[in-house]
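These notes are about the structure you will find just below.
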Amino acid sequence: MAPPKLNEYERKRLENIRRNNEMMAALKVHSKATALSNHSKIVAKSYTVKLEKKPKIETPIVIRRSLRTRGIPPDSKGLDLDANSDSNTSTHNSPNKVEKFVQTLGPISMKDAYKGTDDSDRSFIESLVSMSNKGLLEEELEGPAKKKKTECSFELESLSLDPENIARVVPGRITQVRFFPSKDVNMIAAGNKFGDIGFWNVGESEIFLYHPHAAPISGILFQQHCLSKIYTSCYDGFIRLMDAEKEIFDMVYNSSDNACIYALSQPKNDANCLYLSEGKGGLAVLDNRIGKCSSHWDLHGARINTIDFNPQSSHIVATSSSDGTACTWDLRCIGGRKHTALRTFAHKRSVQSAYFSPSGSSLATTSMDDTVRIYSGVNLEDETSVYHFNQTGRWLSTFRAIWGWDNSYLFVGNMNRGVDIVSTVQKATVKTLESPHISAIPCRFDAHSFEVGMLAGATSGGQIYVWTSS
DNA sequence: AGGTCAATTACGTAG
DNA sequence: CTACGTCCATTGACCT
């Protein structure tokens, strides 16, 4: 099935390019009425939130360049990017290009970060706080999830997309999407390219949009026992902790040498430690008790795109990197001069993700070499490679195949605005979720921990589509 | 080995 | 409906 699919993608791509060229050429001529029927007729839901507080947002924001003039130590944030921003001398140079990586040190109040009308997020904040008071019992955390992981028997055919479950949650390209790990709500948090975080209670029309960061969001991490606290990591080099009780986005980490943070993760059994990837292949352990990194290792030759803990053994972690490899590590053995991976999974191009299956027995990677690979067996020595076109191009977030609710299926976006479902048993794409309601390509996904069949797909236009299982 | 540069081509929105 | 602007990824080709 692979060759015909490749041809189809290639044909579409080439056709796109050709059409663009034709249009360019046609600018000089005058004529043309060839209405190609494509899928641009779909009307996507638009914002329900009013974005009126622009001036408010800009006040607390500090231009990086001015940090020095304000007496802030230069090592807190360098300005290399400003210095060499001209190196990219493309045809366009927008005037506000200089404002990139603008960020405020210290906490930001949720009020200041809120992009809706004044205080209209009051009830949302209160609901977050009440969620945290309630908390989750250990058995609630383990019970259903475990049950689902072992004997999840939902039908792929039952997945459907209700138009109610579509919303534009943030402007622009979504880089991260996460369901709240809660039995009681179907709440989604989404982070975008601009550093916004949007919240959406699936099925409802209200959106709560905040701007705690100034660059692409690279991680959203919930505290399992306290849903009112959410960590966010960002290319701006900051990790913040949204605390709905204090109503702030606190700053818990500031990358020292102006390094981008590309991924954020946490082992299940240790709430004190955050694992983050920064810079060119670095993995750091942030100890919240001391507010500093207790370890910093150079594990890869290029940026680490994902960090994923094995659900069964929390000292085993998988990393995926743009250096073309995915690796598994034993955290107990890392350290010293040389870091040796348990296993290295070589790909022909950069690896965008490496995720353990719910049981922890398999690892799935997604790579720019146009494969989704599944490693299984006692030492993950059995490799299955499934062809999957992963050339998302410049404007889309890269594809990352995620696990569903058991070890049998992977979900990954495709360039035809569908969601490919890869069966690990049949070692092939067995089904593609499609809908006329989808008006853009879903790139990033999350599966609800407690609702089998509830799958969120996020696009580069800010929409989120939530499939449900009836 | 490591920097630089160009090419890629989806989506929302302004007109 | 069409045209414009986006621009923090990735890669290969070319240079030092």
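Scope of the values below: all heavy atoms of this structure, side chains included, with no hydrogens, waters or symmetry mates. As the structure is a computational prediction, the values presented were derived from the model and not from experiment. Letters A, B, ... mirror the listed sequences (proteins, then strands); counts begin at 1.
For the ring pair (Phe, Tyr, Trp, His ring centres under 6.0 Å) test, no residue two or more places apart in sequence or in another chain qualifies with A/Tyr409. A/Thr468 pairs by the side-chain hydrogen bond (donor to acceptor under 3.5 Å, both in side chains) definition with nothing, not counting sequence neighbours.
Rounded to whole Å, atom P of C/dA9 lies 17 Å from atom CZ of A/Phe399. Here the P atom of nucleotide C/dA9 and the CG atom of A/Asn390 are 17 Å apart, to the nearest Å. Spacing between atom CE of A/Met415 and atom P of B/dT8 amounts to 14 Å, rounded to whole angstrom units. Following rounding to the nearest Å, A/Phe194 (CZ) and C/dT6 (P) show an atom-to-atom distance of 11 Å.
Contact between the side-chain N/O atoms of A/Arg303 and the OP1/OP2 oxygens of C/dA9 is found at a separation under 4.0 Å. For B/dC11, neither phosphate oxygen OP1 nor OP2 lies less than 4.0 angstrom from any side-chain nitrogen or oxygen of A/Gln463. Residue A/Arg417 places no side-chain N or O under 4.0 Å from the OP1 or OP2 atom of B/dA10.
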Pairs: protein N or O with nucleotides 11-14 of chain C N or O, under 3.5 Å:
unit_1	atom_1	unit_2	atom_2	d
C/dT11	OP1	A/Ser350	N	3.0
C/dG12	OP1	A/Arg349	NE	3.2
C/dG12	OP1	A/Arg349	NH2	2.7

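By the 30° and 60° cut-offs, the orientation of the rings of A/Phe309 relative to A/Tyr275 is perpendicular. Between A/Phe208 and A/Phe124, the ring planes lie parallel to each other; the angle is under 30°, not in the 30° to 60° tilted range. Between A/Phe179 and A/His448, the ring planes lie tilted relative to each other; the angle falls in the 30° to 60° range.
Here A/Trp395 counts as stacked on C/dT6: its ring centre is under 5.5 angstrom from the base ring centre and the planes meet at under 30°.
In this structure, of B/dC11, C/dA9, C/dC8, it is C/dC8 that holds the atom nearest to the side chain of A/Lys193. Considering only side-chain atoms of A/Thr398, the nucleotide from B/dG12, C/dT10, C/dC8 that sits closest is C/dT10. With distances taken from any side-chain atom of A/Tyr235 to the nucleotides C/dC7, B/dA10, C/dC8, the minimum falls on C/dC8.
Judged by the 6.0 Å distance and 45° axis criteria, A/Arg240 is not positioned over the aromatic ring of A/Phe249.
Just one residue in the list A/Thr325, A/Asp369, A/Thr365 forms a side-chain hydrogen bond (donor to acceptor under 3.5 Å, both in side chains) with A/His347, and that residue is A/Thr365.
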